Amino acid sequence: MIGAFLDRRPRLANWIYGFTPPERGVVVLVHRRVYIVPARLGLMFAATLLLLLVGSINYAISLGFALTFLLAGLGLVGMVHTARNLARIAISAGRAEPVFAGEAAQFRLYLDGRATHDRPAVLARHVASGSQMVVDVPAAAAAEVVLAVPATRRGWLPLGRVMLETRFPLGLFRAWSYVEPEARCLVYPKPDRVPLPPPSLESETGGARSPTPGNDDFAGLRGYQPADSPRHVAWKAVARSEELLTKQFTGEAAAELWLDWRLLPTGSVEQRLSVLTGWVLAAERRGLRYGVRLPGVEIPPGRGDAHSAAALQALALYEAPGASRAP
Amino acid sequence: MSPAPHPLAPDARAVGSRDLAWLIGSLILVAAPHALRAPWWLSALTLCLFAWRFWYALNRAPLPSRWLVIGVAAVGMLGVWMEYRTLFGRGPGIILLVLFAGLKLLETRTHRDAALAAFLGFFLIITNFLYTQSIPTAGLMGAALFALTVTLLGLSAPHRSPRANLRTAGLLLAHAAPAALVLFLLFPRVQGPLWGLPQDAYAGMTGLSESMSPGNLSSLAQSDAIAFRAEFRGETPPHAQRYWRGPVLWDFDGRTWTMIPVLLRDFVPPAGGRQYRYDVVLEAHNRPWLFALETAASLPEGARMTRDGQVLASSPVRTRIRYEIASAVAPDADAQEDPRLLARARRLPVESNPRAAALAAEWRAASASDGEILARAIAFLRAGRYGYTLEPPPLGAHPVDDFLFNTKEGFCEHFSSAFAFLMRAAGLPARVVTGYQGGELNSVDSIITVRQSDAHAWAEVFLAGRGWVRVDPTAAAVPGRVEVGMARAVPQTAALPLMMRERLEWLRGMRDRWEALAHQWNVWVLGYNPERQRDLMNLVGIRDADWRSLTATLFTVLGVMTLLLLAWSLGRLARPDPVQRAWRAFCRKLAARGIERASYEGPRDYASRAARALPASRRAILRIGAQYIRLRYGSQASRPGVARLRRMVRELRLT
């Protein structure tokens with residue numbers, strides 16, 4: 001297939017497709033990038049036209065000629081309109097939330113019509129994975145496309161090439177174009193569910209058993225602060241008082257926990273990263289304060305969504321192939 | 001990774017009930033005229049198939065099995081065979097096609113199936129044109145084409161609102177129309193047919209035939225169908241002189257008059273008489289004869305003349321044709337005729353119509369000359385109190401006797417037949433001429449429309465020294481027929497076609513207008529042929545256009561049009577909105593006074609600069625600037641606000 005041939009020759013593909021990936025910012029499909037060929041239905045339409053023409057000549061039907069030529073004009077116009085349905089569309093990529101390896105990255109693309117006419121039935125198809133979606137792009141507005149791309153390996157997952165295709169209005173022609181917007185999704189290592197290691201006693205605070213807020217025992221309610229986790233909001237109390245209250249806990253587990261690479265002497269890099277990922281998730285779930293240590297990387301202890309995101313990103317990008325490319 | 005099914009591929013998408021409804025509706029539009037021609041049970045069966053399919057769509061039931069569909073097809077084909085005794089030919093073929101459209105729907109599951117059914121609909125449109133290409137048919141088929149376009153649009157965009165699809169269909173057809181027009185005018189036309197046509201291809205064309213027996217002209221005369229139209233250049237001859245000559249009948253077997261084999265002669269234009277030049281648009285009648293006013297003084301290209309004065313085309317007239325011809329009314333006599341033909345014109349079957357033969361022999365004995373015999377015969381008809389009727393009583397074994405002495409009621413075929421018989425029995429060479437008499441003058445475009453109901457038959461008698469002389473025995477017996485037309489000659493209660501009745505004057509006025517339009521349609525749309533194409537190319541300066549120059553012109557024009565369309569689709573031809581247009585007009589006015597807007601200058605700065613430079617118009621300029629800013633950047637742009645801006649710009653006078 002030509003597609004496979006071009007995949008092996010990226011520079012030729014770039015020249016043919018009219019762009020060099022990845023494309024930053026908003027990509028506008030100029031006409032030059034829109035390809036068009038008759039669809040199979042178009043060939044059947046042409047065969048019908050030929051039959052009509054021969055019939056008109058044979059029986060000398062004037063209105064038969066008129067019908068044939070009107071349909072021929074319709075085909076011609078249909079071609080221009082099909083290209084128009086795709087041309088000058090503006091594509092921008094949205095943020096893709098990080099996922100764990102083995103899940104599907106949800107890439108968001110925004111197709112902006114930038115025209116006074118709507119663009120019905122535009123297909124966006126992720127070339128590598130075959131993930132696809134059909135949207136109607138309204139006039140002078142944008143439509144959102146979500147492409148679920150399987151994330152197999154940790155690290156940065158680039159979107160890759162996306163094909164846009166349409167057959168509107170008559171289905172006689174197939175117009176398509178390729179885009180490769182700058183978009184990537186962070187893929188965390190696949191978490192491994194193993195028990196948490198014991199709290200480390202080597203911490204500088206010396207394993208103090210202080211009544212610091214923890215996660216174990218319910219200690220009362222206090223006023224909600226924006227940084228509080230939604231998991232700790234006392235929803236029942238909210239229902240009663242219409243005031244946001246946060247549940248407070250105390251416990252030993254509030255002690256700091258170091259999730260250390262060196263605690264895992266065996267296994268491959270990926271296996272160890274998986275275990276560490278599982279630990280980060282478990283620690284976060286239990287509301288512990290934890291830090292992560294990798295060779296050359298250290299995330300100081302902390303807690304909360306931002307902290308866990310930083311920790312997981314460090315795990316995802318640890319010696320990862322695409323890590324050098326800064327976001 | 002294996003590729004997922006393509007969601008835009010037509011064979012991967014099921015047809016929704018909305019699109020199916022559009023498809024069925026357009027197929028009904030397309031097939032409706034065929035219902036008038038098909039046996040009723042077939043129309044009912046097709047409608048049932050449509051309804052059946054729609055029931056499936058509404059109930060989301062799985063479609064019937066293939067075997068059931070094949071069974072219905074077999075039953076339908078059997079029915080067609082029982083009706084027509086064949087499955088081929090135009091009539092049964094088209095009926096089968098309509099039936100198959102219904103069957104195709106029963107196995108229409110996907111977008112692709114539905115699109116193919118729509119293509120079949122395109123094909124069914126053209127089958128209607130095999131029967132009629134009138135303006136109403138064209139209108140109905142135009143509506144069907146629109147509906148089929150909406151169907152295809154709906155299939156491509158199942159979630160789009162039907163209103164938007166209607167608009168887009170209109171846009172597509174509007175864009176396609178210029179290309180269609182160019183193709184229609186410039187596509188190199190080939191004169192068909194390319195191969196043999198089915199036996200019944202020309203069935204149902206009405207017109208005069210090669211023979212005449214009592215009853216066949218009067219049944220033809222009950223048809224309102226148009227035979228031909230004639231447009232005179234200059235003066236139009238009066239009704240009584242409009243004898244349009246058709247087949248001449250020589251042989252008589254006692255009941256039926258028939259033609260003799262065609263004898264051509266070199267054309268010699270008649271001398272003398274009043275000359276008329278005119279164009280005739282002749283409807284197809286599947287016979288070679290062309291009609292001309294007696295006596296033809298020039299021949300259309302390719303036409304020939306027979307010895308008995310009939311004009312023949314080179315082949316049967318199977319499409320509507322137009323020809324130019326001239327005639328001389330009442331030319332000088334041509335007294336030459338072949339004696340063998342004269343002998344044939346005296347021949348009579350033995351022992352037929354004895355009473356009439358005896359009467360003629362009586363005249364022969366009592367008369368001194370042929371002219372006197374003629375005068376006696378005419379006087380006999382005048383005195384006979386004969387009735388003119390479209391519903392003549394049936395005649396017995398001796399039709400001429402029966403008509404002359406018993407029933408005394410007949411149509412022109414009875415009068416002409418009886419008269420020619422009497423003349424032959426008296427020893428004069430006589431023949432019957434069929435054709436049309438009169439025709440109606442359209443008050444709108446002065447075109448004479450001759451209908452089948454104007455069909456007429458008269459006689460010609462050969463007199464020594466004067467040649468063949470036209471005698472219209474109907475005119476002698478019923479003078480009104482030829483002076484004013486058939487409508488006044490036949491009693492109102494008789495079975496005249498509706499339009500020929502006298503009292504509906506207002507209806508005739510409307511019909512005149514409609515027929516003037518239909519005539520233009522026939523000449524310019526339906527009559528567009530290779531010849532007219534050449535004329536058109538001559539008009540734009542391309543002499544002797546052949547298919548090569550036509551193709552070159554065609555592709556040039558189409559190419560330019562496609563480029564224009566492409567430019568439109570690129571947004572290059574988009575008109576700026578009215579606010580912007582008004583603002584630009586304002587800027588142009590100021591620029592003409594030397595105050596050009598700099599590219600960095602906003603509307604407020606520009607307006608105030610202009611106001612300072614032109615203190616006389618200061619107020620107006622500032623108001624325009626403010627109004628533009630309000631419309632352009634304000635929260636709401638109202639229609640009256642835009643109109644006000646345009647008015648202010650228009651009325652701005654910079655002194």
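The model shown is predicted, which means the values in this text are computed figures rather than measured ones. Here is the naming used below: chain letters follow the sequence lines, and residue numbers restart at 1 for every chain.
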Side chains of A:Ser129 and A:Ser131 only: does a donor on one sit below 3.5 Å from an acceptor on the other? no
Quiz question: by atom type and distance under 3.5 Å, do the side chains of B:Arg318 and B:Asn286 form a donor-acceptor pair?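 Distance-only check passes for B:Arg318 and B:Asn286.
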Check side chain to side chain contact (heavy atoms under 4.5 Å, CB included) between B:Ile321 and all other residues, then give those that pass, not counting sequence neighbours. B:Leu282, B:Leu290, B:Val317, B:Thr319, B:Tyr323
Of all residues at least two apart in sequence or in a different chain, which pass the side chain to side chain contact (heavy atoms under 4.5 Å, CB included) check with A:Ala316? A:Leu186, A:Tyr188, A:Pro189
Contacting moiety of B:Leu155, where chain A heavy atoms sit under 4.5 Å: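 Neither part, no heavy atoms under 4.5 Å.
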With a 4.5 angstrom heavy-atom cut-off, is it the side chain or the backbone of B:Leu171 that approaches chain A, or both, or neither?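 Side chain of B:Leu171 only, per the 4.5 Å heavy-atom cut-off to chain A.
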In residues 38-50 of chain A, which residues are in contact with chain B at a heavy-atom separation under 4.5 Å?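 The stretch touches chain B at A:Arg40, A:Leu41, A:Met44, A:Phe45, A:Thr48.
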Interchain contact, [X] with chain B, by part (heavy-atom threshold 4.5 Å):
X        : result
A:Leu74  : both
A:Leu170 : both
A:Ala87  : neither

Ring centres of B:Phe187 and A:Phe65 under 6.0 Å apart? no
Check this for me: does any side-chain nitrogen of one of A:Glu270 and A:Lys190 sit under 4.0 Å from a carboxylate oxygen of the other?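 Between A:Lys190 and A:Glu270 there is no salt bridge, as every charged N stays at least 4.0 Å from the carboxylate O atoms.
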A:Arg174/A:Glu165 salt bridge by N-O under 4.0 Å criterion: yes
Under the criterion side chain to side chain contact (heavy atoms under 4.5 Å, CB included), I'd like the reasoning laid out for B:Thr127 against B:Leu124: C-alpha separation, chi angles, the key distance, then a yes or no. CA-CA 5 Å; B:Thr127 60; B:Leu124 283 173; 4.1 Å; yes
Side chains of A:Leu109 and A:Leu147: closer than 4.5 Å at any heavy-atom pair? yes
Among A:Ala83, A:Gly78, A:Ala66, A:Pro169, which residue forms the greatest number of heavy-atom pairs with chain B at distances under 4.5 Å?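 Highest number of heavy-atom pairs under 4.5 Å: A:Pro169.
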What residues of residues 137-149 of chain B sit under 4.5 Å from chain A when you count only heavy atoms?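 Residues B:Ala138, B:Leu145, B:Thr149 are the ones that qualify, each having a heavy atom under 4.5 Å from chain A.
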Per-residue tally against chain A (heavy atom, under 4.5 Å) across B:Leu120, B:Leu173, B:Asn128, B:Leu172 peaks at B:Leu172
Winner by heavy-atom pair count (cut-off under 4.5 Å) against chain A, out of B:Arg160, B:His111, B:His159, B:His175: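 Ranked by heavy-atom pairs under 4.5 Å with chain A, first place is B:Arg160.
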Assess B:Arg189 against B:Tyr528: is NZ or CZ under 6.0 Å from the centre of the six-membered ring, and within 45 degrees of the ring's axis?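 No.
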dist A:Arg84:CZ -> A:Ile36:CD1 (nearest 0.5 Å) comes out at 13.0 Å
